[in-house]
Amino acid sequence: MAIKIQTEKPEIPVEIGNLRFSFDLSDESIKKFRKEALEVQKEFHSITVSEDDEEALEQAKSVLKRGFELILGEGSFEKIYDMSPSVMTCMNYFVQLEEGIEQELKERGISQDQVEKAKKYIRNKK
């Protein structure tokens, strides 16, 4: 008798408006998300944006591009910004995206504590 195990697609589907993306659930992608998404958020808070400040807007767009591409892949920011050409709106999307992915990871049982326990287990096995 053969044992059959259904495989899961290791990704979280993401929809922003009518755009469809996915977040890769590989170990490396999750680790990178947890590390770099926090850095992107800190950069957001250090930027002061006003409608007249072109340099701040460009800086914010650069940070947003890095954040979206970290999570959704290359070219994602341009598609999102074309749909909603507002830095403030895209910042709102990014915050919702980051919170949604973190929540989805928790619901799937992928918590930071479990990652640390797995690393500790692997180190002890060596």
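Just so it is clear, the values below take in all heavy atoms, side chains as well, and ignore hydrogens, waters and symmetry mates. Residue indices begin at 1 and follow the sequence shown.
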If you round to the nearest 0.5 Å, how far is [atom2] of [Y] from [atom1] of [X]?
{"X": "Ile12", "Y": "Leu105", "atom1": "CD1", "atom2": "CG", "value": "4.5 Å"}
{"X": "Ser76", "Y": "Ile16", "atom1": "OG", "atom2": "CD1", "value": "8.0 Å"}
{"X": "Phe77", "Y": "Ser62", "atom1": "CZ", "atom2": "OG", "value": "9.0 Å"}
{"X": "Leu97", "Y": "Ile71", "atom1": "CG", "atom2": "CD1", "value": "4.5 Å"}
{"X": "Glu39", "Y": "Leu70", "atom1": "CD", "atom2": "CG", "value": "9.5 Å"}
{"X": "Glu69", "Y": "Leu64", "atom1": "CD", "atom2": "CG", "value": "11.0 Å"}

Minimum side-chain heavy-atom gap Ile80-Leu72 below 4.5 Å: yes
Within-4.5 Å side-chain heavy-atom neighbours: Asn18 and Met83: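 The answer is yes, as the side chains (C-beta and beyond) meet within the 4.5 Å cut-off.
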Pairing residues for [X] by the side chain to side chain donor-acceptor pair (under 3.5 Å) criterion, not counting sequence neighbours:
{"X": "Glu43", "answer": "Arg66"}
{"X": "Ser29", "answer": "none"}
{"X": "Glu104", "answer": "Arg108"}

Derivation and outcome, side chain to side chain donor-acceptor pair (under 3.5 Å), residues Gln103 and Glu107: CA-CA 6 Å; Gln103 181 64 35; Glu107 288 175 10; 3.2 Å; yes
Name all residues meeting the ring pair (Phe, Tyr, Trp, His ring centres under 6.0 Å) criterion together with [X]; count only those two or more places apart in sequence or in a different chain, and write none if there are none.
{"X": "Phe94", "answer": "Phe44, Phe68"}
{"X": "Tyr93", "answer": "none"}
{"X": "Phe21", "answer": "none"}

Qualifying residues under salt bridge (Lys or Arg N to Asp or Glu O under 4.0 Å), relative to [X], sequence neighbours excluded:
{"X": "Glu36", "result": "none"}
{"X": "Glu58", "result": "Lys61"}
{"X": "Glu15", "result": "Arg20"}

Passing candidate, side-chain contact (heavy atoms from CB on, under 4.5 Å) with Glu102, options Glu98, Glu99, Lys106: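 The option that passes is Lys106.
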Exceeds 12 heavy-atom contacts within 6.0 angstrom, atom CG of Asn92: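 Atom CG in Asn92 is packed in, count exceeds 12.
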Closest non-hydrogen atom pair, Cys90 against Ser84: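 For Cys90 versus Ser84, the nearest heavy atoms are SG-O, 3.4 Å.
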Contacts of type side-chain contact (heavy atoms from CB on, under 4.5 Å), residue Ser86, not counting sequence neighbours: Met88, Thr89
Residues that, via side-chain heavy atoms closer than 4.5 angstrom, fall in one hydrophobic cluster with Val95: none
Listed once per pair and sorted, the salt bridge (charged side-chain N to carboxylate O under 4.0 Å, His left out) pairs that draw on residues 71-95, sequence neighbours left out: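 Pairs touching residues 71-95 that pass the test: Lys65-Glu78.
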